[in-house]
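Throughout, protein chains are lettered first and strands after them, A, B, ... in sequence-line order, and every chain is numbered starting at 1. Fair warning: this is a prediction, and the values are worked out from it, not measured in the lab.
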There are 2 protein chains.
Amino acid sequence: MDEHLKALLQKSGLKNTKHRTAILELLEQNDQPVTAEQLYAEMRSKNIPVNLSTVYRTLDILCEKELITKLTIEGGAKALFEFNNNLHRHHLICLGCKKILTIENCPLGDYEQKLAGKTHFSITGHKLDLYGFCPDCRRKNEF
Amino acid sequence: MDEHLKALLQKSGLKNTKHRTAILELLEQNDQPVTAEQLYAEMRSKNIPVNLSTVYRTLDILCEKELITKLTIEGGAKALFEFNNNLHRHHLICLGCKKILTIENCPLGDYEQKLAGKTHFSITGHKLDLYGFCPDCRRKNEF
DNA sequence: TTAATTGCAAACACTTTGCACGCTA
DNA sequence: TAGCGTGCAAAGTGTTTGCAATTAA
């Protein structure tokens, strides 16, 4: 089970432990970025006892190896993590229920190049988040 | 001196104190977003003794009244604050020296509307930050 | 005068770290 | 079996809060 996750760990030179595969698996399955605390809770509820600091350490090292991605959303105190599928992504965040939609689509086009020309920066990347209200919240609250 | 800042405070129903005008003044003068700690240090060095918690409280209330804006940049632990000139802004952050350029220009065009159509969200706003290396850092480090 | 503002110290939330033990390769 | 991985408890960082004293309106 989860041979591909074990392979990922091995390829990164990381030992294969049940905590690591569990975390990778949860992140891969989840369509939404999750917090360390959420992972911690999910693991405990699946009878994979683990310490919060291990979750943090594991997330750290998985980020370092670029198996997962760390992000934060404006105003959010906690860091979020998602599986790294190597696609350029943005996020659409519902201000009502806080659900996060991942958008694999980028409206920037050649804007980075234009801005580079204007500012003489070399531009290496960008982060775009959009905010609004999801259909459910719009219905419920008449936004 | 700084009659317009006092007027801003008054208009927002806030009492006029030297801490508040000092913070507004520093933010208005600064072309870059700054942290609470930086403001705290600047005030002390200008012989305006103040407590850090007062700085935080003041920043909070000025944000609430929309006289200033709070932001965080990806990976940055500390919150940043800038004077609110009521323009739509983005930020270009130098990964070398951490300097932040404010960009009063938005490449999104009607993307919000398109995305709203696609996702059935009502989209209320967005946040875009760009990353790279400024001319100085490029020169020094051959990025 | 009196309600808003401040200083101080303590609390907070999230995250990181040191160390001893346990387990993978 | 060597060294990476983990649990535990303690520390760290940025920010917030309760309360009594101060100050602007």
For DNA chain C, determine which residues of residues 45-69 of chain B have any heavy atom closer than 4.0 angstrom to one of its atoms, and list them numerically.
Pro49(B), Val50(B), Asn51(B), Ser53(B), Thr54(B), Arg57(B), Thr58(B)
Strictly distance-based, threshold 3.5 Å: is any side-chain N or O of His19(A) a donor or acceptor partner for the main-chain N or O of Ile48(A)?
no
Atom CD1 of Ile23(A) and atom C1' of dG5(D) are separated, to the nearest Å, by 12 Å
Flag the pair Lys127(A) and Asp129(A) as a salt bridge only when some basic side-chain nitrogen lies within less than 4.0 angstrom of an acidic carboxylate oxygen.
yes
Compile the donor-acceptor pairs under 3.5 Å between side chains in residues 58-72 of chain A and protein atoms, sequence neighbours left out, one pair per line.
{"unit_1": "Thr58(A)", "atom_1": "OG1", "unit_2": "Thr54(A)", "atom_2": "O", "d": "2.7"}
{"unit_1": "Thr72(A)", "atom_1": "OG1", "unit_2": "Glu74(B)", "atom_2": "OE1", "d": "3.4"}

Taking any heavy-atom pair under 4.0 Å as a contact, classify Lys15(B): base, sugar-phosphate, or nothing.
base
Aromatic ring proximity His126(A)/His91(B), centre distance under 6.0 Å:
no
Pair Glu28(B)-His4(B), side-chain donor/acceptor within less than 3.5 Å:
yes
Honestly curious: do Leu80(B) and Leu39(B) fall in one hydrophobic cluster under the side-chain, below-4.5 Å linking rule?
no
Send over the distance from Asn16(A) CG to dG5(D) P, rounded to a whole Å.
11 Å
For His88(B) and Glu104(B), test the side chains for any donor-to-acceptor distance below 3.5 angstrom and give the result as yes or no.
no
Is Tyr131(A) linked to Leu108(B) within one hydrophobic cluster, defined over Ile, Leu, Val, Met, Phe, Trp and Tyr using a side-chain heavy-atom separation of less than 4.5 Å?
no
Answer yes if Leu26(B) and Val50(B) sit in the same cluster of Ile, Leu, Val, Met, Phe, Trp and Tyr residues linked by side chain heavy atoms under 4.5 Å apart, and no otherwise.
yes
Across the strands shown, which category fits Ala79(A) at heavy-atom distances under 4.0 angstrom: base, sugar-phosphate, nothing?
sugar-phosphate
Just the rounded figure in Å: distance from P of dA24(D) to NZ of Lys18(B).
7 Å
With a 4.0 Å cut-off (strictly under) to non-hydrogen atoms of chain A, the first and last hit nts on DNA chain C, 5' to 3', are dC14(C) to dA25(C)
Does OP1 or OP2 of dG5(D) have a side-chain N or O of His19(A) closer than 4.0 Å?
no
In whole angstroms, how far is the C1' atom of dA24(D) from the CG atom of Leu14(B)?
12 Å
Separation of dT16(D) atom P from Tyr40(B) atom OH, nearest Å, is 16 Å
